[in-house]
A.B. asks: 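I have a structure here, written as structure tokens, and I will follow up with some questions on it.
A, B, ... follow the sequence lines: proteins, then strands. Residue 1 opens every chain.
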Amino acid sequence: MNLYEETYKIVKQIPRGRVSTYGEVAKALGDIIASRAVGKILNENPYEEVPCYRVIYSNGDIGGYAGGIEKKAELLRQDGIEIVNGKIDLKKYLFNDFETDYPLKKLREEQQRLKEKLSMEDDFSVETIAGMDVAYGKKAYGAYVEFDAESMKIVKRKVVSMEIKFPYVPTYLAYRELPVLQELIKGEKPSIIMIDGNGLLHPRLFGIACHFGVLHDIATIGIAKKLLYGKEKDDYIFIEGKKVGKRLGKIYVSPGNKISVESAWKIAKKFMKYAIPEPVRQAHILANEARTRDEK
DNA sequence: GCGACAG
DNA sequence: ATCTTGTCGC
Ligand SMILES: [Mg+2]
């Protein structure tokens, strides 16, 4: 699923003389949480036939335009739309009767379905611990760094790159980064993988670490630098009363698959040298080096 | 303008 | 996450 193309397919439906909003387009994609992503996607619109200038703020303000806001206003006036004091009357001009199959709703349903395959019981060995992360430029660059658990030394490094097909949308991070991680894991079989992002610490209890863990039937740990969701109490994070993660200094550790909150936290702690566990930190550094080398 | 849901 | 550079208003 390419969310860029899905978005262009929707925006293309806005007729001349009407406007829609970033939020309405996001709703047509299946989740209003993607409204900022819609703005980003339209900013990169490569298609002449996709009238991205017909998408404005939900308060009636014109919003941004890569070719300048003045150009956007001019194009809208050419469509016959009145702009009064920089505002457009949405009561009069709003279009939201989109034909769509709500792709984000389908992805949400997939998350719910795959969640059934999750295991929260400890079921792992501790021989090698890998970290994975992705950096972005024109393309996505993924890095895999594997540590030997006893010597704490790096035993393997790997980098891949591929086209970006999905923007960052809160709670759908997996759909942006999973394709890269899938490519990275080919031929590798670490005991445990630490992934930059959340595991259970997610509104649907299914962050990228869970998703990857289920897909590959492997033990995973989510390592997040900021709190996405949940209530914090005494270093533990709860979602609807369920303990889903534990704070480790400035970061949030949550189980992905085949591991408990406590075990995930202990493994992460063992690899703490700076603010982020070494496997993830090294993967982050390596991914950025790959991008810089390739694009700059 | 603030606050706002990982990366 | 990336951009991209100042020292700051709030
Ligand atoms: Mg990352």
A.B. asks: With P as the reference atom in both, quote the distance from C:dT7 to B:dG3 in angstrom, rounded to an integer.
C.D. replies: 22 Å
A.B. asks: Students often get this wrong, so: under 4.0 angstrom with heavy atoms, is A:Tyr168 touching a base, only sugar-phosphate, or nothing?
C.D. replies: base
A.B. asks: Taking NZ, NE, NH1 and NH2 as the nitrogens, is one of them in A:Arg16 or A:Asp79 under 4.0 Å from a carboxylate oxygen of the other?
C.D. replies: yes
A.B. asks: Using a cut-off of 4.0 Å on non-hydrogen atoms, how would the nucleic acid contact of A:Tyr172 be classed: base, sugar-phosphate, or nothing?
C.D. replies: base
A.B. asks: Would you classify A:Ile208 as touching base, sugar-phosphate or nothing, given that sugar-phosphate means primed atoms plus P, OP1 and OP2, and contacts are heavy atoms under 4.0 Å?
C.D. replies: base
A.B. asks: A:Arg18 and A:Tyr93: side-chain donor and acceptor closer than 3.5 Å?
C.D. replies: no
A.B. asks: Enumerate donor-acceptor pairs with a distance under 3.5 Å from any side-chain N or O in residues 160-170 of chain A to protein atoms, sequence neighbours excluded.
C.D. replies:
| from | atom 1 | to | atom 2 | distance (Å) |
| --- | --- | --- | --- | --- |
| A:Ser161 | OG | A:Lys139 | NZ | 3.4 |

A.B. asks: On a whole-Å scale, what distance lies between the P atoms belonging to B:dA6 and C:dT4?
C.D. replies: 23 Å
A.B. asks: Check DNA chain C against residues 265-290 of chain A and give the residues with a non-hydrogen atom under 4.0 Å, in numerical order.
C.D. replies: A:His284, A:Asn288
A.B. asks: Taking the six-membered ring of A:Tyr136, is the NZ or CZ of A:Arg176 close enough (under 6.0 Å from the centre) and on axis enough (within 45°)?
C.D. replies: yes
A.B. asks: How far does the P atom of B:dC5 sit from the matching atom of C:dG6, given to the nearest Å?
C.D. replies: 31 Å
A.B. asks: With distance as the sole criterion, is a donor-acceptor pair present between the side chains of A:Glu5 and A:Tyr47 under 3.5 Å?
C.D. replies: yes
A.B. asks: Could you tell me whether A:Arg291 contacts a base, only the sugar-phosphate backbone, or nothing, with contacts defined as non-hydrogen atoms closer than 4.0 Å?
C.D. replies: sugar-phosphate
A.B. asks: Is A:Asp196 touching bases, backbone alone, or none of the nucleic acid, heavy atoms closer than 4.0 Å?
C.D. replies: sugar-phosphate
A.B. asks: When rounded to the nearest Å, what value does the distance between C1' atoms of C:dT5 and B:dA4 take?
C.D. replies: 26 Å
A.B. asks: How does DNA chain B look in dot-bracket notation if pairs are Watson-Crick or G-U with both distances under 3.5 Å, crossing ones as [ ], other-strand ones as |?
C.D. replies: .......
A.B. asks: Under 4.0 Å between a side-chain nitrogen and a carboxylate oxygen: does that hold for A:Glu74 and A:Arg77?
C.D. replies: no
